[in-house]
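Notes for the one structure printed next.
Residue numbers begin at 1 in each chain, while the letters A, B, ... track the order of the sequences.
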Amino acid sequence: MGIEKIYNPLLIENKWLVKWEKEDFFKSEPNDETPYTILIPPPNVTGILHMGHMLNNSIQDILIRKARLSGYNACWVPGTDHASIATEAKVVNKLKEVGIKKHELSRDEFIQHAWDWTNKHGGIILNQLKRIGCSCDWSKTKFTLDPDMYESVQNMFIKLYHDGYLYRDKKIVNWDPEAKTTLSNEEVVYKEKTAKLFYLKYKLESSEEFLLVATTRPETIFGDTAVAVNPNDERYRKLIGKKLIVPLVNRAVPIVGDNSVDLEFGTGCLKVTPAHSEKDFEIGLRNNLDIIDVFNDDASLNGYGMHYKSLDRFSVRKKIINELDEKGLLDRSEDYSHNIALSERTSCVVEPKLSTQWFVKMKKLSKPALELVLNGDIQFYPKKYVKTYKNWLENIRDWNISRQLYWGHRIPVFYLKEDKSKYVVCLSESEAIKLFEEKYSIKDLVPAEIVQDEDVLDTWFSSWLWPISVFDGIRNPNNSEINYYYPTSDLVTGPDIIFFWVARMIISGNYLRQEIPFRNVYFTGLVRDKKGRKMSKQLGNSPDPEILIKKYGADGVRVGLLFCASAGNDLLFDETLCNQGKNFSNKIWNAFRLIEGLKIDDNQQSKSHNEFAIKWFNENLNKKVLSINESFKNFKISEALMILYKLFWDDFCSIYLEIIKPEFGKGVSKKLKHSTLAFLEKLLTLLHPFMPFISSEITDQIVSNKNFNIKKSNWPESIKFDSEIIENVNYSIEIVSKIRNFKKENSLSFKDVLKIYFENDLIDNQIGIVKKLTNCDLIKKQLKGKDSDTSFLVGKFGYVVDQMDKIFNEIDLDKLKEELNYNLGFKNILEKKLSNKNFVSNAPKEVIQKERKKLEDVKSKIKILEEGIKKQNN
RNA sequence: GGGCGCUUAGCUCAGUUGGUUCAGAGCACUUGGUUUACACCCAAGGGGUCGGGGGUUCGAAUCCCUCAGCGCCCACCA
């Protein structure tokens, strides 16, 4: 036989990668068929594949391949994201290594460097996705900074502006001093940390008395423009309106009353720094306070910082405390545990900063998005995320979308250089000049007199358009692609970006097209290591997918990952599962070897129990297909895989193939071989979404014998199955197990031939199966019951072993009695229940019916058992 | 502080609207087995008071209350 004994995934997978690419196998175009669309959550353009991607994209591939086999026009659009802040940070660091600072470069020069970086490192991840078998339509690959995508984003900005959803405002925003940009609330993460709470002495003006003010941020005293107390606070009420001297700064600031001050916290006195805290800013507004910004963009102190000018905020904190202490202005300090705000991308401490930014008004815009999920137009799997989603939308806040970065979509706003309060919103300079004339009646402007907004848009401001912009549906809302593919079918993503992305896509989809962007959202869990820790570079607990693939094959890794991916839960990844996946590949391969090697012998009489096995497996397959399809419907992907795994390994290999396998050297009937190949074909089709490589390979090898290929519309559907034959075979298998068990208990060899007597009604085919799988003869005979070690029960019937020369023809009395007692007990429970008036009157009719049926069954069982025992007594 | 979720076999998890054929699966484990597709294999077997307590009900892993432990999201007070 020319087929390798051990399956070698690497060779075969590479062969199929080349073939798929060459034949453009996954290309999709609008046609008459029903579309089934998935859009990839675009990974960072310069990113590399990690286990999270692996899981996420394997699931998408399973769904899309299943849809393709089910006859849909399946389209999976791939692409990458420019990831504004993350990529810019990488480029900045890279330039730093060669001694170039960002601010030394012009905007255009920096962007050129960023493109060089993108061209060098971009697209690696897409090739890695190909390697794991992802069947994307690669001709549709998009990048969020492609010219058409760029224009779409700017068009969206303009549309929102004209519809009144955008505004420019000076507010306290989250400032990332490392990337020197603002961040949206969603880009800030909080971490608990212990800090010091310092009690500083603020002297009353023209007095030697002082108030104690508690703060964690002594370095901001240069920006203090008031001290606030609660007007209800008896301790300080009288002092409102008087003045305090800010320590070191020696500035006199008013004591103001404000209800937002917590009496319980610290001393009840709050130093107010309107430029550096949202709350202080609001107190400032209510009390008409001055605003003094004491920081540079990198969070070092500016001129207001006096002798601390140009020093970093954290070093100033240490130094200023020393100085205050020396001068007797520090009363005490204590430990204080609080949450500090960190930038999601650069991990540096976020600085609240007063700044002018563009914001999207979210309340009205997002209103329909909640309804679309609550009413089920969009389904979340698992459902629990509906509540998370609801919670966010009901408390939605405006979205800061401007970023002080170069890498991204530049904000399409042009200002008059002389007076920046005058601006117009449009795509180009020439349009802008026209608009200035229309809006402000300013004529004959030249390009040098206007300037485009320096900022770019938040990355997510392009991501939220992804489902529409990949089909160019913003610039051309009625093109054939968007009309055909949108709304898309399923979105597969992580719950960590439910607000960043999922919610916003729903909002923008409704705004632009009054339609949902996708019907189902499948949230994958986080991939953790087997100890439950997050995978991270620092821990070194994140396996490299490429190494895993080399070891286990892409099919094996996919199966391994899926085995531990129960829907909605984080998954504790264990490499041994990949080994299980690899072993499964090998099992499939060897089943193929066995079937392929079956010789057809036309003289061979077809054995009737083989015919029976064919019928049985066919019905069993129908049954399992039904549950597999049901699992798919509910996005229980790993459950579908497990059913399939057992169907193939247990039912097909361990039972069916063992039954039909001919004795050594003999052949099989033509019909048997063909039926078996047909089963293999169906099983491979079912396996294809999970294990695309091996299923394609084996299928391809069968093509030489038979016209069969894994292609569209081959997915097995089933609506019903014959449960009688399934039960019959199950019963035979139970007899087989009992016989094997008997042999083991009596230290008999697996191959020993035994005669076994029975007296119930078995059909010949059941007997044939038992004989094939155990080597034992089943002989019908009247049995007596007697205490003996050589009998066993299967269900309610006794079986007696005639062993070697010794004849035992009695059933074990104890076993019979034990069985009888169990059933008598069960009968009692049922009778008690059925004679309970409350039960009969309260329980639903079907339940009562079911219980009555159970009672009948149990009564007939008892009758049979009693007869067996009676025979023993005679 | 507000919201959500979890706790079932050694591990990872199923268990639909409460109904004793519902206490399950895979892995791991124990034992026996290799000339005849596969030891990357076959076969058999052991394992759980369904987190604790209370309640509702004819009946609770499933519903309610409570306690304990774990996790997530949101907001954030100097």
**Prompt:** Which one of F679(A), F648(A), W649(A) satisfies the ring-ring contact (aromatic ring centres under 6.0 Å, His included) criterion with Y656(A)?
**Reply:**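 Exactly one candidate clears the test, F679(A).
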
Indicate whether OP1 or OP2 belonging to [N] is found under 4.0 Å from a side-chain N or O atom of [X].
{"X": "N185(A)", "N": "A75(B)", "answer": "no"}
{"X": "S737(A)", "N": "A44(B)", "answer": "yes"}
{"X": "Y385(A)", "N": "G3(B)", "answer": "no"}
{"X": "Y7(A)", "N": "C38(B)", "answer": "no"}
{"X": "N583(A)", "N": "A39(B)", "answer": "no"}
{"X": "K636(A)", "N": "G15(B)", "answer": "yes"}
{"X": "K587(A)", "N": "A37(B)", "answer": "no"}
{"X": "R740(A)", "N": "C42(B)", "answer": "no"}

Who is the Watson-Crick or G-U wobble partner of [N], with both distances under 3.5 Å?
{"N": "C41(B)", "result": "G33(B)"}
{"N": "A28(B)", "result": "none"}
{"N": "A68(B)", "result": "U7(B)"}

**Asked** Which is true for K743(A) with a 4.0 Å heavy-atom rule: it touches a base, it touches only sugar-phosphate, or it touches nothing?
**Response**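 Here K743(A) touches no strand at all.
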
**Asked** Which part of the nucleic acid, if any, lies within contact of E639(A), taking any heavy atom under 4.0 Å across all strands shown: a base, the sugar-phosphate backbone alone, or nothing?
**Response**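 The answer is sugar-phosphate, as E639(A) gets under 4.0 Å only of primed atoms, P, OP1 or OP2.
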
**Message:** For a quick check, tell me whether the side chain of E658(A) and the base of A37(B) share a donor-acceptor pair closer than 3.5 Å.
**Reply:**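 Such a pair exists between side chain and base.
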
**Message:** Counting distance alone, no hydrogens or angles: does the base of C76(B) have a donor or acceptor under 3.5 Å from a partner atom on the side chain of N339(A)?
**Reply:**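 For N339(A), whose side chain was compared with the base of C76(B), there is a donor-acceptor pair (under 3.5 Å).
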
**Request:** Give the rounded distance in Å between these two atoms: CG of L773(A) and P of G33(B).
**Result:**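 Atom-to-atom, L773(A) to G33(B), this comes out as 21 Å.
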
